[in-house]
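The chains referred to below are lettered A, B, ... by the order of the sequence lines, with proteins before strands, and numbering in each begins at 1.
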Amino acid sequence: KAGVTQTPRYLIKTRGQQVTLSCSPISGHRSVSWYQQTPGQGLQFLFEYFSETQRNKGNFPGRFSGRQFSNSRSEMNVSTLELGDSALYLCASSFSGGVETQYFGPGTRLLVL
Amino acid sequence: TQLLEQSPQFLSIQEGENLTVYCNSSSVFSSLQWYRQEPGEGPVLLVTVVTGGEVKKLKRLTFQFGDARKDSSLHITAAQPGDTGLYLCAGAHAGGTSYGKLTFGQGTILTVHP
């Protein structure tokens, strides 16, 4: 079974731009969660989608948004990029988004200049 | 706030030594996962524990979930340079406000010197 895939792997943007990241979950998994990882804050939960609906959201500004498609693939968007948005963005998938194991993708490294 | 305190933050040891990483919380978790992460890559699952008092072994790695499901430990026997990496514990709560959310510890950076 193929693992979680994320594209692109690396991105360089400038302040004020917007960016869209993509995540394809493991086949059969319907829940996709997104996390931001930085050296200072560690891994922080952004949001979770299940059946095209956002069910849970972390403490991030509205510039961070996402969506999920009918095939469970998910995208996250960051608008009006700030320097502090530079981070590794990780998505994880699980069967239902309950307490079962989450499997992570390789991440997208975003650098904002 | 559902925090996970992980210790130590840094561990530098010689090949062949044993080590233990701890993960503690004041809240009860329904499950707890341990991951290992290489620089620039995503976390790779090592184990999931769900039952209080549970002990799981993965070759030289032993994972324990506390009886009250508030703490966990990872013990590595006879560490090898290939064990070098960032070790993360992450807890999950049941319930609607916790869908898809893992709470992570700060991580332990382990370096094993040959």
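Heavy-atom distances place no part of B/Glu38 under 4.5 Å from chain A, backbone and side chain included. Of the two parts of A/Tyr35, only the side chain, counted from C-beta on, holds a non-hydrogen atom closer than 4.5 Å to a non-hydrogen atom of chain B. Heavy atoms of A/Leu43 lying under 4.5 Å from chain B belong to its backbone as well as its side chain. Both the backbone and the side chain of A/Thr101 come within contact range of chain B, judged by heavy atoms closer than 4.5 Å. Contact annotation for A/Gln37: only side-chain heavy atoms (C-beta onward) come within less than 4.5 Å of a heavy atom of chain B. Neither the backbone nor the side chain of B/Leu32 comes within less than 4.5 Å of any heavy atom in chain A.
Following chains of ILVMFWY side-chain contacts shorter than 4.5 Å, one cannot reach A/Trp34 starting from A/Ile26, and the two form parts of different hydrophobic clusters. No chain of hydrophobic side-chain contacts below 4.5 Å, direct or via other Ile, Leu, Val, Met, Phe, Trp or Tyr residues, connects A/Leu90 to A/Leu21. There is no path of hydrophobic side-chain contacts, each under 4.5 Å, that joins A/Tyr10 to A/Leu113. Under the 4.5 Å side-chain heavy-atom criterion for ILVMFWY residues, no single connected hydrophobic cluster contains both B/Val44 and B/Trp34. Residues A/Phe50 and B/Tyr99 do not share a hydrophobic cluster, defined by chaining ILVMFWY side chains whose heavy atoms lie under 4.5 Å apart.
The CD atom of B/Gln33 lies 8.5 Å from the CD atom of A/Glu100; values are rounded to the nearest 0.5 Å.
The neighbour count for A/Phe60 CZ, taken as heavy atoms of other residues, nucleotides or ligands under 6.0 Å away, is above 12. Atom CZ of A/Phe95 has 12 or fewer heavy atoms from other residues, nucleotides or ligands within 6.0 Å. Annotation: A/Asn59, atom CG; neighbour count of heavy atoms from other residues, nucleotides and ligands within 6.0 Å does not exceed 12. A/Arg15 CZ: 12 or fewer foreign heavy atoms inside a 6.0 Å radius.
Between A/Phe104 and B/Tyr35, some side-chain heavy-atom pair lies under the 4.5 Å cut-off.
Counting only distance, with no hydrogens or angles, the side chain of B/Ser31 and the backbone of A/Val99 share a donor-acceptor pair below 3.5 Å. Remark: side-chain polar atoms of A/Asn56 are not paired, donor with acceptor, to backbone N or O of B/Gly100 under 3.5 angstrom.
Contacts with chain B were tallied for A/Pro106, A/Gly105, A/Gly42; A/Pro106 has the most, counting heavy-atom pairs under 4.5 Å. Here B/Ala92 is the residue among B/Gly107, B/Gly105, B/Ala92 with the most heavy-atom pairs under 4.5 Å with chain A. Contacts with chain A were tallied for B/Leu102, B/Thr48, B/Leu45; B/Leu102 has the most, counting heavy-atom pairs under 4.5 Å.
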Show, in sequence, the C-alpha distance, side-chain angles and deciding distance for A/Arg9 and B/Glu41, and conclude whether the salt bridge (Lys or Arg N to Asp or Glu O under 4.0 Å) test is met. CA-CA 10 Å; A/Arg9 291 294 313 275; B/Glu41 298 293 330; 3.5 Å; yes

